[in-house]
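Basis for what follows: all heavy atoms, side chains included, without hydrogens, waters or symmetry-related copies.
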Amino acid sequence: MLVYIHRAKTHYVSLPTQPVMTTTQTLSPSHTHPNNEIIYPQGEFWSDEPPLETNLHLTQIILLIKCLEWLWQDREDYFATGNLTIYYSPNQKKSEFFRGPDFFVVLGTTRNPKRKSWVVWQEEGKYPNVIIEILSDSTAKTDREEKKEIYQNTFRTPDYFWFEPYSLEFEGYTLIRGKYQPIEPNEQGWLWSEELGLYLGIYEDKLRYFSANGELIPTPEEAAIQQKQQKEYERQQKELALQKIAELTARLRELGINPDENL
């Protein structure tokens, strides 16, 4: 396994596993020094982003993916993922120009879950429509400065957000005439994403989606609980209605009225 240091991130790239024929030779002492020449492996690359710094970072990324997949469960025209490498070299080389956003969404594509990475020149030149970076001590400066510049000038990503899961710092930018402009928060402090057609805002110390009319977009688990509660509510309402009918029928009979004769 070779290690490549690219700006603020370290990327690990696995070498191909096919057998390779080699020639054995005896090294003299003068050849025992390490060879510092960088060798770029050929072939298909798997995404191999650095480990996430904390469990909060992992939880937040999974939450963003799960909620959007639940909301868009009937759609097949997007791809949403996290911590996956984006290769964007104009020379179509996977050994140069790559980034791994914490979370991104590409619209107008397919949901193909078998993608090992996002290779721009193999995806009709598409870049993410939305990117969210989860800030950490080691990446915050890069996310606020270098990555913001790349997403603005190279990716041309329309909506860019960042969120710090400990301090709850949350900012968003939208691309206007080629430059990122801050997104103004609404009264709740939420930021609107035109690309997603949703608000992003903090709820119980997590970054969540909200519909245009302010409803929290649930996780699949939350949606199941809501459905169960709704069914229980409907059952109770039906029982109350039947109870009221029985009480009214009994009252009519006390008054000497047979309600069955008036049906």
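Taking CD from E169 and CH2 from W162, the interatomic distance works out to 7.0 Å, rounded to the nearest 0.5 Å. Between L198 atom CG and D159 atom CG the span is 10.5 Å, to the nearest 0.5 Å. Here the straight-line distance linking atom CD1 of I61 with atom CG of L207 works out to 11.5 Å at 0.5 Å rounding. To the nearest 0.5 Å, the span separating CG on L68 from OG1 on T219 amounts to 13.0 Å. Atom OG1 of T157 and atom CZ of F104 lie 9.5 Å apart (nearest 0.5 Å). A distance of 10.5 Å separates CG of L200 from CZ of F163, quoted to the nearest 0.5 Å.
When each of K141, R144, K147, K148 is paired with E133, the salt bridge (Lys or Arg N to Asp or Glu O under 4.0 Å) condition holds for K147 and for no other. Screening I134, L135, I62, D102 against H57 for a side-chain contact (heavy atoms from CB on, under 4.5 Å) leaves a single residue, I134.
Using cut-offs of 30° and 60° on the angle between ring planes, the pair Y180 and Y173 is tilted. Using bins of under 30°, 30° to 60° and over 60° for the plane-to-plane angle, the ring pair W72/Y78 lands in the perpendicular bin. Taking the six-membered ring for Trp and thresholds of 30 and 60 degrees, F210 and Y203 have ring planes more than 60 degrees apart, a perpendicular arrangement.
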Report task. Take E146 and R99 through the salt bridge (Lys or Arg N to Asp or Glu O under 4.0 Å) test and state the conclusion after the steps. Result -> CA-CA 11 Å; E146 182 180 331; R99 284 290 175 181; 2.2 Å; yes

**Report entry** CA sep, side-chain torsions, deciding dist, call: R208, E222, salt bridge (Lys or Arg N to Asp or Glu O under 4.0 Å)
**Finding:** CA-CA 13 Å; R208 300 290 298 268; E222 291 169 341; 2.7 Å; yes

Report task. Carefully, step by step, assess K206 and T59 under the rule side chain to side chain contact (heavy atoms under 4.5 Å, CB included). Result -> CA-CA 9 Å; K206 296 289 190 298; T59 300; 4.0 Å; yes

Requested in this report: Take E254 and R251 through the salt bridge (Lys or Arg N to Asp or Glu O under 4.0 Å) test and state the conclusion after the steps.
Outcome: CA-CA 5 Å; E254 290 176 0; R251 179 59 178 163; 3.3 Å; yes

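Comment: K93 does not engage E96 in a salt bridge, judged by the lack of any side-chain N to carboxylate O separation of less than 4.0 angstrom.
Hydrophobic clustering (ILVMFWY, side-chain heavy atoms < 4.5 Å, transitive): W190 and L63 are in distinct clusters. L191 and L216 end up in different hydrophobic clusters when Ile, Leu, Val, Met, Phe, Trp and Tyr side chains are linked at under 4.5 Å. L168 and Y166 are not part of a single hydrophobic cluster, where members link through side-chain heavy atoms under 4.5 Å apart. Both L196 and W70 sit in one connected hydrophobic cluster of ILVMFWY residues. Membership requires side-chain heavy atoms under 4.5 Å apart, directly or through other members. A continuous path of ILVMFWY side-chain contacts below 4.5 Å connects F103 to L71, so both sit in one hydrophobic cluster.
Side chains of V130 and Y160 form no contact here, defined as non-hydrogen atoms less than 4.5 Å apart. Side-chain contact between P90 and F97: present, with at least one pair of heavy atoms (C-beta onward) separated by less than 4.5 Å. Considering only heavy atoms from C-beta on, E123 comes within 4.5 Å of T109 through its side chain. Using a 4.5 Å heavy-atom threshold, the side chains of Y127 and V106 count as separate. At a threshold of 4.5 Å between non-hydrogen side-chain atoms, the residues Y199 and S193 do not count as touching. Using a 4.5 Å heavy-atom cutoff, the side chains of L107 and V105 are in contact. A 4.5 Å side-chain heavy-atom check between P165 and D205 finds every atom pair outside the cut-off. When side chains are defined from C-beta on, S211 counts as touching I217, because their heavy atoms get closer than 4.5 Å.
Shown here is N91, whose CG atom has more than 12 heavy atoms of other residues, nucleotides or ligands within 6.0 Å. Counting non-hydrogen atoms of neighbouring residues, nucleotides and ligands closer than 6.0 angstrom, the CD atom of E221 exceeds 12 such neighbours.
Aromatic ring centres of F155 and Y88 lie closer together than 6.0 Å. When ring centroids are compared, W121 and Y87 stay outside the 6.0 Å threshold.
Although no hydrogens or angles enter the test, the distance criterion places no donor-acceptor pair under 3.5 Å between the side chain of E69 and the main chain of K66.
Annotation for A223 and P218: closest pair N-CB, 3.9 Å, computed over non-hydrogen atoms. The two residues P128 and P158 have their closest heavy-atom pair at O-CD, 3.9 Å. Between G201 and F170, the closest heavy-atom pair is CA-CE2, 4.2 Å.
Side-chain contact of T139 with S136: a donor-acceptor pair under 3.5 Å is present, judged by distance alone. Residues T110 and R115 bring a donor and an acceptor atom of their side chains to less than 3.5 Å of each other.
Under the salt bridge (charged side-chain N to carboxylate O under 4.0 Å, His left out) criterion, no residue pair touches residues 174-192, with sequence neighbours excluded.
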